[in-house]
Amino acid sequence: MLDPKKLRQSTQDVANNLARRGFQFDIDSYSSLNESRKLLQIENDNLKNKRNKASKEIGIAKSKGEDVTEILKLSENINGLLANNESKLSQILSQIEFIELGLPNLLSDRVPDGKNESDNEVIRSWGNKKEFSFPVKDHVELGSNLGLLDMDNAARISGSRFSVLRGNLASLQRALIQFMLDIHINEHGYEEFYVPFIVNSETLTGTSQLPKFESDLFKIESDKSLYLIPTAEVPLTNLFGDQIIDIDTLPRKLVAHTPCFRSEAGSYGKDTKGLIRQHQFEKVELVQISTPEKSFDALESLTSNAEQVLQKLELPYQVVSLSAGDIGFGSAFTYDLEVWLPGQNAYREISSCSLFGDFQARRMKARYKNPNTGNNEYLHTINGSGVAAGRALVAVLENYQQEDGTIKVPDALISYMNKKIID
RNA sequence: GGAGAGGUGGCAGAGCGGUUGAAUGCACUGGUCUUGAAAACCAGCAAGGGUUUGUAGCCCUUCGAGGGUUCGAAUCCCUCCCUCUCCGCCA
């Protein structure tokens, strides 16, 4: 959520910023709603003030045994006016809230202009793409030929966009997860968390998946409003909601491995084959909570923490800065890590590291006491994959494939796998 | 699932229809005292919002959440959520 004061006072600046995303903010209707809100709220407060005073007088008069019929009448009169005014106000307020929850975050000045992903800016690249002396296969072919990837059975028992991994392939994914967790916990100073995979709608509103992107989520059939998490970002970040954090505990660095569930209703036809886009996948997620001054540094450190995983696995990748047209709803600035996939002859996203500024913190009321001002101020939230395990598995298969169709185990994973070849 | 107890400020814990946003204690902040520290004493100290150039005033809201009764609710009624204890069941 954007700062409502800023929204009111610098409406045109906000609109200009949002326009970079291609988002059109209807200034006129927002301003007129706000004007009505202002008048109604002032009137409302005045009426309540009168009623409060009258009630107090009644209490005093009664204790003295005086007659109160006159003032009682006045008070009842006020209540009539108030009821009418209040229903109008609450209607306006809910309209304003609906608009505000639907506004994307303001972009950082560093976000490159652009309409879509083709305008993303490559910041740096790492590693050398391996030269293969034989025709490369993609991960589906590799996994299927080894008998370790079973898409048919997954489709039969669950549906499309699910997968079954067998034997060494299942172990390889688990090894990747364990490997990543170990790096972040032992080398990068993150604290490991185990969190619920089911969360309520308030939680998802806090991190801004709701109300706008409900169709991307799996909702649970229940009398409560519960959803499967689309990423560990949701429970982890919300740990700080409704709290005033002691500044001495900042920055906080959290890591969790969870499955992620995404309905992705809008993406049919994209990446239908293989493990790239699944309804369920494993991910190691990094979250940092910082003060506003240090949040860009936090993003840089979190991004380099994610990069370390790919470097240790010796997987070539590039870091791109998402353009205004491609960046996510709640993000002020995003680096994507794109890993090289020989089977697709392309770089594909394997991690997305975003700075949300106070956007999420405001929604979930995550604050800290700023000792300089003495005020409670909103924290900044940062998160990124460190990295997506399903896609890391794809990258290992395709980059470490050998002519005979077997897969060499990356050096970094040998101790986790206790073998050097997957066959 | 059955029986009971309870949810109040950063924490502990009073209040149980009326000038109570809320006693008291702890913690915290400032001051006095002290060579310094501790102790003692004095003072301040909830959150959110509106108005406003304003961290000044003034005003509104908030005692788990949502309804209701009332001129007036932390206090009474209803529904829900959560926590704790005991029993049952279970990984």
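Computed from a prediction, not measured in an experiment: that's the story for all the values here. Here is the naming used below: chain letters follow the sequence lines, and residue numbers restart at 1 for every chain.
- The same atom, C1', is picked in B/rA37 and in B/rA74; the two are 43 Å apart, to the nearest Å.
- A straight line from CG of A/D248 to P of B/rA27 spans 18 Å, rounded to a whole angstrom.
- Atom NZ of A/K50 is separated from atom P of B/rU61 by 15 Å (rounded to the nearest Å).
- Separating the CD1 atom of A/I96 from the C1' atom of B/rG49 is a distance of 13 Å, rounded to the nearest angstrom.
- One can place CG of A/D242 at 13 Å from P of B/rG9, the figure rounded to the nearest angstrom.
- When both pairing distances are held under 3.5 Å, B/rG4 makes a Watson-Crick or G-U pair with B/rC84.
- Side-chain contact between A/S323 and A/N116 is absent, with no heavy-atom pair separated by less than 4.5 Å.
- When the C1' atom is compared between B/rG15 and B/rA73, the two are found 13 Å apart, to the nearest whole Å.
- The gap from the P atom of B/rG25 to that of B/rA43 amounts to 12 Å, rounded to the nearest Å.
- For the C1' atoms, the distance from B/rC26 to B/rU79 is 37 Å, rounded to whole Å.
- For A/I42, counting side-chain heavy atoms from C-beta on, the closest listed nucleotide (B/rG50, B/rA47, B/rC59) is B/rG50.
- The distance from atom CD of A/E66 to atom P of B/rG18 is 18 Å, rounded to the nearest whole Å.
- Between A/N79 and B/rG72 there is a side-chain N or O to OP1 or OP2 distance below 4.0 Å.
- Side-chain proximity of A/Y378 to B/rA47, B/rG49, B/rG50: nearest is B/rG49.
- You won't find any donor-acceptor pair under 3.5 Å spanning the side chain of A/K365 and the base of B/rG48, going by distance alone.
- Among the heavy atoms of the strands lying under 4.0 Å from A/S75 are primed sugar atoms or P, OP1, OP2 only; no base atom is included.
- Among the nucleotides B/rU19, B/rC59, B/rC71, the one closest to the side chain of A/D45 is B/rC59.
- The aromatic rings of A/F329 and A/F213 lie perpendicular to each other, with more than 60° between the two planes, well past the 30° mark.
- With contacts defined as side-chain heavy-atom distances shorter than 4.5 Å, the pair A/Q280/A/C260 does not qualify.
- Comparing B/rC89 with B/rU70, their C1' atoms are spaced 47 Å from each other, to the whole Å.
- Among the nucleotides B/rU51, B/rC71, B/rA47, the one closest to any side-chain atom of A/K369 is B/rA47.
- One finds no side-chain N or O of A/R8 lying less than 4.0 angstrom from the OP1 or OP2 phosphate oxygen of B/rU52.
- For an aromatic pair to be called close, the ring centres must be under 6.0 Å apart, and A/F218 with A/Y227 fails this.
- When each of A/N375 and A/K48 is assigned the nucleotide of RNA chain B bearing its nearest heavy atom, the one mapping closer to the 5' terminus is A/N375.
- Note on A/N44: every side-chain N or O is 4.0 Å or more away from OP1 and OP2 of B/rG50.
- Pair check for B/rG66 finds B/rC78; Watson-Crick or G-U wobble, both atom distances under 3.5 Å.
- For the pair A/K408 and A/Y400, the cation-pi test (distance below 6.0 Å, angle within 45°) is failed.
- We find that CD of A/E202 is positioned 13 Å from P of B/rC81, with the value rounded to whole Å.
- Of the candidates B/rC60, B/rC71, B/rG50, the closest approach to any side-chain atom of A/K5 belongs to B/rG50.
- Comparing atom distances between the A/E76 side chain and each of B/rC60, B/rC71, B/rU19 picks out B/rC71 as nearest.
- When the C1' atom is compared between B/rU19 and B/rC33, the two are found 39 Å apart, to the nearest whole Å.
- Atom CG of A/D3 and atom C1' of B/rG49 are 13 Å apart (whole Å).
- Applying the Watson-Crick and G-U wobble criteria (two distances, each under 3.5 Å), B/rC28 pairs with B/rG44.
- Across all strands shown, B/rU55 forms no Watson-Crick or G-U wobble pair with both distances under 3.5 Å.
- By the neighbour-count criterion of 12 heavy atoms within 6.0 Å, atom CD of A/E300 is densely surrounded, having more than that number from other residues, nucleotides or ligands.
- Comparing the C1' positions of B/rA12 and B/rG7 gives a spacing of 14 Å, expressed to the nearest Å.
- Other residues, nucleotides and ligands contribute over 12 non-hydrogen atoms within 6.0 Å of the CD atom of A/E293.
- Following rounding to the nearest Å, A/L93 (CG) and B/rC60 (C1') show an atom-to-atom distance of 12 Å.
- In this structure, A/R110 is positioned above the aromatic face of A/F296, its NZ or CZ under 6.0 Å from the six-membered ring centre and within 45° of the axis.
- With B/rG72, B/rA47, B/rC60 as the choices, the nucleotide that has an atom nearest any side-chain atom of A/N49 turns out to be B/rC60.
- Across all strands shown, B/rU35 has no partner, as no Watson-Crick or G-U wobble contact with both distances under 3.5 Å is found.
- Residue A/K38 places its side chain closer to B/rU52 than to any other of B/rU52, B/rU61, B/rG48.
- Taking only side-chain nitrogens and oxygens, A/R367 comes nearer than 4.0 Å to OP1 or OP2 of B/rG48.
- Map A/N46 and A/P4 each onto its nearest nucleotide of RNA chain B; the residue landing nearer the 5' end is A/P4.
- Look at A/N52 and you'll find a side-chain N or O under 4.0 angstrom from OP1 or OP2 of B/rU61.
- Separating the P atom of B/rU62 from that of B/rG68 is a span of 13 Å, rounded to the nearest Å.
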